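Take a look at the structure below.
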Amino acid sequence: MSTMMQPQIILLKEGTDTSQGKAQLVSNINAVMAVADVVRTTLGPRGMDKLIHDDKGNTTISNDGATIMKLLDIVHPAAKILVDIAKSQDSEVGDGTTTVVLLAGEFLKEAKPFIEDGVHPQNLIRSYRTASYLAIEKIKELAVSIEGKSLEEKRSLLAKCAATTLSSKLIGGEKEFFASMVVDSVLAIGNDDRLNMIGIKKVPGGTMRDSFLVNGVAFKKTFSYAGFEQQPKKFENPKILLLNIELELKSEKENAEIRLSDPLQVEPKLLSRLAIGDLGTQYFADRDIFCAGRVAEEDLQRVAAATGGTVQTSVNNVIDEVLGSCEIFEEKQVGNERFNIFSGCPSGQTATIVLRGGADQFIEEAERSLHDAIMIVRRAMKNSTVVAGGGAIDMEISRYLRQHARTIAGKSQLFINSYAKALEVIPRQLCDNAGFDATDVLNKLRQKHALASGEGALYGVDINTGGIADSYANFVWEPAVVKINAINAATEAACLILSVDETVKNPKSESAQGEAAASAMGRGRGGGALRGRGRGMRRR
């Protein structure tokens, strides 16, 4: 009886929300599945786009898994893990962000009935890890290398990879046009890993086909003073000096870039990172020197890399070694903007893509799509192995894992089987998004992949006819590293969520968040009072 009368021990602060056990795990799995359902329809060439309207009134139309996940502003702690794996896939490989979210969601969906039946999560985690290891080994075995080919062959192979990536994007209709542009720009920067050496400039107006690639640097005409129009607008083989000072009477500020030419040279040229005053502009115009002030930092760095110049912080003792050069400099009209274009740069380690298109949102999405394609081509150049896309590789791994599961005694046979079933989500979703009968297509694929000869290993969904086709022969390729990374990240995320059995919400952090939100809302509307500040108190 005495045990009944003992007072309850209070460990956590009042109002702390704890949820634990099986119900907690199932609710986490449900949250993850809900997030996966949001991006589910964006997968593949027939995927739909999402229009996201944020609190600042900005509208984003996107098909890119990582972009959508970032903009969703998810608050559920378990579902946030999906946002992280989408971001990591985006920064590591660039493409496959929707795939990774879908796979993680599907792995957990397959694990849910086992959890409800009382299976210990650690057993599931162990089997999932084994399955992912086997799957990745199988991908490496199936991957086809594109090493040792001639430049022309390699270029067309890389363009195929870029086209596969672009086919699921908004600019998929012009994928060949953009794929060759992306490959040229990546080949232009060679082994330089810095992505910012490929500039993407957006100019509204015109059609997608009006986009063009500059083998060199292009940037919008900068702010200019009187006298600018009198300067020559085209030079051949100019000398270019980059400076880091401001050319105004009052200033000795640093941070200006100027390209000045040796007065002895016939065609001098100058640019500045900060303003060049009207006096300076007029001075240069009188001497037939082109100058531009307030050039953006990244454009400056790209010009330095391309022309072989070095940014100087003083105009004294300028020697030949620090001057850059290029074959042609000109100022051109693009849409309603004027662009400064440097082409034929000696080191050639940079390229600029000028994007055209109707609406701003459209150009933004085109830029994101090209970023994905550029990342993919870079990856394919470094890890030069590709696998068949269109759900072919997923079906083949699924078949292999099912076969392997039969050799295992014990419960893990079931778990590896469910992992194999989860991998089929990719081809199934490709069919659903294109409006085909997924069951029918998947049955055909299973039958093809089950052939003992192994000839069906490269068969995937044929988006155009609603049947199945040899993805490899149809050039639906993706770098093996995309799939390896996606399976790795998705399995890690699924295991992480399965290993959580209790969530503790601290009430203090919640009230602090509420306070911060209230103070943000109240600012500028006399809402500072929400923070309970007295009249005489100093503003923080």
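As the structure is a prediction and not an experimental result, all values here were calculated from the model.
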Asp54 and Thr60: side-chain hydrogen bond (donor to acceptor under 3.5 Å, both in side chains), yes or no, with the steps? CA-CA 8 Å; Asp54 67 10; Thr60 311; 5.7 Å; no
Taking every non-hydrogen atom, the tightest pair across [X] and [Y]:
{"X": "Ala351", "Y": "Leu213", "answer": "CB-CD1, 4.2 Å"}
{"X": "Ala422", "Y": "Glu110", "answer": "CB-CG, 3.8 Å"}
{"X": "Ser369", "Y": "Lys169", "answer": "OG-CB, 3.4 Å"}
{"X": "Val387", "Y": "Ala480", "answer": "CG1-CB, 4.0 Å"}
{"X": "Ala79", "Y": "Val32", "answer": "CA-CG2, 4.4 Å"}
{"X": "Val441", "Y": "Gly466", "answer": "CG2-O, 3.5 Å"}

Does a donor on one side chain sit under 3.5 Å from an acceptor on the other, for Arg406 and Gln413?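 Distance-only check fails for Arg406 and Gln413.
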Using the salt bridge (Lys or Arg N to Asp or Glu O under 4.0 Å) rule, take Arg368 and Glu365 through it: C-alpha gap first, then chi angles, then the decisive distance, then the call. CA-CA 5 Å; Arg368 281 190 290 271; Glu365 175 60 8; 3.1 Å; yes
Is [X] salt-bridged to [Y], cutoff N-O under 4.0 Å?
{"X": "Glu106", "Y": "Lys421", "answer": "no"}
{"X": "Glu92", "Y": "Lys87", "answer": "no"}
{"X": "Lys22", "Y": "Asp501", "answer": "no"}
{"X": "Asp394", "Y": "Arg428", "answer": "no"}

Cys161 and Val386: CA distance, side-chain angles, deciding distance, side-chain contact (heavy atoms from CB on, under 4.5 Å) verdict: CA-CA 8 Å; Cys161 287; Val386 294; 3.6 Å; yes
Taking the side chain from [X] and the backbone from [Y], do they hold a donor-acceptor pair closer than 3.5 Å?
{"X": "Arg402", "Y": "Asn417", "answer": "no"}
{"X": "Ser127", "Y": "Asn123", "answer": "yes"}
{"X": "His449", "Y": "Arg399", "answer": "no"}
{"X": "Asp462", "Y": "Asn464", "answer": "yes"}
{"X": "Thr97", "Y": "Gly65", "answer": "yes"}
{"X": "Gln89", "Y": "Asp95", "answer": "yes"}

[X] side, atom [atom1]; [Y] side, atom [atom2] - distance, nearest 0.5 Å:
{"X": "Phe475", "Y": "Ser156", "atom1": "CZ", "atom2": "OG", "answer": "7.5 Å"}
{"X": "Thr98", "Y": "Met69", "atom1": "OG1", "atom2": "CE", "answer": "9.5 Å"}
{"X": "Leu401", "Y": "Ser418", "atom1": "CG", "atom2": "OG", "answer": "10.5 Å"}

With side chains defined as the heavy atoms from C-beta onward, is the minimum distance between [X] and [Y] less than 4.5 Å?
{"X": "Leu102", "Y": "Gln429", "result": "yes"}
{"X": "Arg356", "Y": "Thr207", "result": "no"}
{"X": "Leu51", "Y": "Thr59", "result": "yes"}
{"X": "Ile463", "Y": "Val476", "result": "no"}
{"X": "Val144", "Y": "Thr385", "result": "no"}
{"X": "Ile484", "Y": "Val93", "result": "no"}
{"X": "Ile171", "Y": "Phe362", "result": "yes"}
{"X": "Leu103", "Y": "Leu423", "result": "yes"}

Show your reasoning for whether salt bridge (Lys or Arg N to Asp or Glu O under 4.0 Å) applies to Lys483 and Glu478. CA-CA 8 Å; Lys483 269 283 173 268; Glu478 48 189 345; 3.7 Å; yes
As a quick check of understanding, evaluate side-chain contact (heavy atoms from CB on, under 4.5 Å) for Leu124 and Ile115, giving each step before the final call. CA-CA 9 Å; Leu124 272 165; Ile115 296 291; 3.6 Å; yes
Checking side-chain hydrogen bond (donor to acceptor under 3.5 Å, both in side chains) for the pair Asn488/Glu492: CA distance, chi angles, key distance, verdict? CA-CA 6 Å; Asn488 249 334; Glu492 279 300 317; over 6 Å; no
Between Tyr472 and Trp477, what is the ring plane arrangement, given parallel below 30°, perpendicular above 60°, and tilted in between?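 If you compare the ring of Tyr472 with that of Trp477, the planes turn out parallel.
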Contacts of Ser91 that satisfy side chain to side chain contact (heavy atoms under 4.5 Å, CB included) - sequence neighbours left out: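 Result, side chain to side chain contact (heavy atoms under 4.5 Å, CB included) vs Ser91: none returned.
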Would you please test Glu396 and Lys448 for salt bridge (Lys or Arg N to Asp or Glu O under 4.0 Å) and show each step? CA-CA 10 Å; Glu396 185 57 22; Lys448 201 72 172 159; over 6 Å; no
Partners passing ring pair (Phe, Tyr, Trp, His ring centres under 6.0 Å) against Tyr128 (at least two apart in sequence or in another chain):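 For Tyr128, the residues satisfying ring pair (Phe, Tyr, Trp, His ring centres under 6.0 Å) (neighbours in sequence not counted) are Phe107, Tyr419.
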Apply side-chain hydrogen bond (donor to acceptor under 3.5 Å, both in side chains) to residues Thr41 and Lys50 and explain how you reach the verdict. CA-CA 9 Å; Thr41 54; Lys50 303 286 180 203; 2.8 Å; yes
Does the side-chain contact (heavy atoms from CB on, under 4.5 Å) test come out yes or no for Cys495 and Ile125, once each step is laid out? CA-CA 5 Å; Cys495 292; Ile125 291 173; 3.8 Å; yes
Go through Arg302 and Asp299 one step at a time and tell me if the salt bridge (Lys or Arg N to Asp or Glu O under 4.0 Å) criterion holds. CA-CA 5 Å; Arg302 289 189 16 246; Asp299 289 332; 3.1 Å; yes
Considering only distance and modelled atom types, tabulate donor-acceptor pairs under 3.5 Å from the side chains of residues 130-143, sequence neighbours left out.
from	atom 1	to	atom 2	distance (Å)
Thr130	OG1	Arg126	O	2.8
Ser132	OG	Arg129	O	3.2
Lys138	NZ	Glu141	OE2	3.4

Any chance you could lay out the side-chain contact (heavy atoms from CB on, under 4.5 Å) test for Leu166 and Glu174, step after step, and finish with the verdict? CA-CA 9 Å; Leu166 290 171; Glu174 301 285 359; over 6 Å; no
Please check if atom NZ in Lys109 has more than 12 non-hydrogen atoms from other residues, nucleotides or ligands closer than 6.0 Å.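 Not buried by this count: 12 neighbours or fewer within 6.0 Å.
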